[in-house]
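A short worksheet on the structure shown next.
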Amino acid sequence: MQSELSKENQLRDLLVAKKKAVIGSSDWLKIVQTIADITQAKKDEIQTEDNTIHYYLPLTCSQCSLYKAAKRRQSTAQ
């Protein structure tokens with residue numbers, strides 16, 4: 001049941017229906033619009049999944065850019 005409702009199967013069925021419909025008819029236009037909607041929804045899902053933020057921490061304080069900046073400020077202030 002789940003596999004029959006997947007977007008890939010829906011797209012496959014719509015492409016078959018598009019080939020059978022008369023080009024330019026109202027049914028053909030509805031099918032093309034539905035294909036575009038499903039394809040756009042698929043793109044939106046992919047874009048929302050890629051919102052992961054990765055933080056990389058230095059192994060020691062001497063490698064940290066914040067630590068180095070603070071040291072430079074201290075040396076210029078003295």
Side-chain angles (χ1 to χ4, degrees):
M1 181 74 172
Q2 185 79 0
S3 64
E4 290 182 22
L5 296 177
S6 71
K7 290 183 182 180
E8 289 81 14
N9 283 337
Q10 289 177 356
L11 283 173
R12 197 173 305 122
D13 293 342
L14 285 169
L15 289 173
V16 170
K18 179 183 166 190
K19 288 180 183 177
K20 292 180 181 179
V22 177
I23 296 175
S25 67
S26 63
D27 290 337
W28 185 83
L29 292 173
K30 287 178 187 176
I31 293 169
V32 170
Q33 181 62 40
T34 308
I35 290 171
D37 290 343
I38 290 175
T39 305
Q40 184 62 36
K42 204 171 182 184
K43 287 180 186 176
D44 290 342
E45 286 179 8
I46 292 171
Q47 290 175 353
T48 58
E49 291 175 5
D50 195 22
N51 291 336
T52 305
I53 299 173
H54 298 279
Y55 295 99
Y56 296 98
L57 302 174
L59 297 176
T60 62
C61 288
S62 62
Q63 295 175 342
C64 179
S65 61
L66 295 172
Y67 177 79
K68 289 177 182 179
K71 280 293 193 184
R72 278 193 299 259
R73 275 187 265 135
Q74 282 181 351
S75 64
T76 56
Q78 292 177 348

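For the single chain, residues carry numbers from 1 onward in sequence order.
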For residues 15-32, pull every pair meeting side-chain hydrogen bond (donor to acceptor under 3.5 Å, both in side chains), keeping only residues two or more places apart or in separate chains.
-> none
From the list Leu15, Asn9, Leu14, side-chain contact (heavy atoms from CB on, under 4.5 Å) partner of Arg12 resolves to Asn9
Going from SG on Cys64 to NZ on Lys71, what distance comes out if it is rounded to the nearest 0.5 angstrom?
-> 12.5 Å
First locate atom CD of Glu8, then atom CD1 of Ile38, and finally report the distance between them rounded to the nearest 0.5 Å.
-> 10.0 Å
List the steps and the verdict of side chain to side chain contact (heavy atoms under 4.5 Å, CB included) for Gln33 and Leu29.
-> CA-CA 6 Å; Gln33 181 62 40; Leu29 292 173; over 6 Å; no
Distance-minimising heavy-atom pair for Ala21 and Ile31 | CB-CD1, 4.3 Å
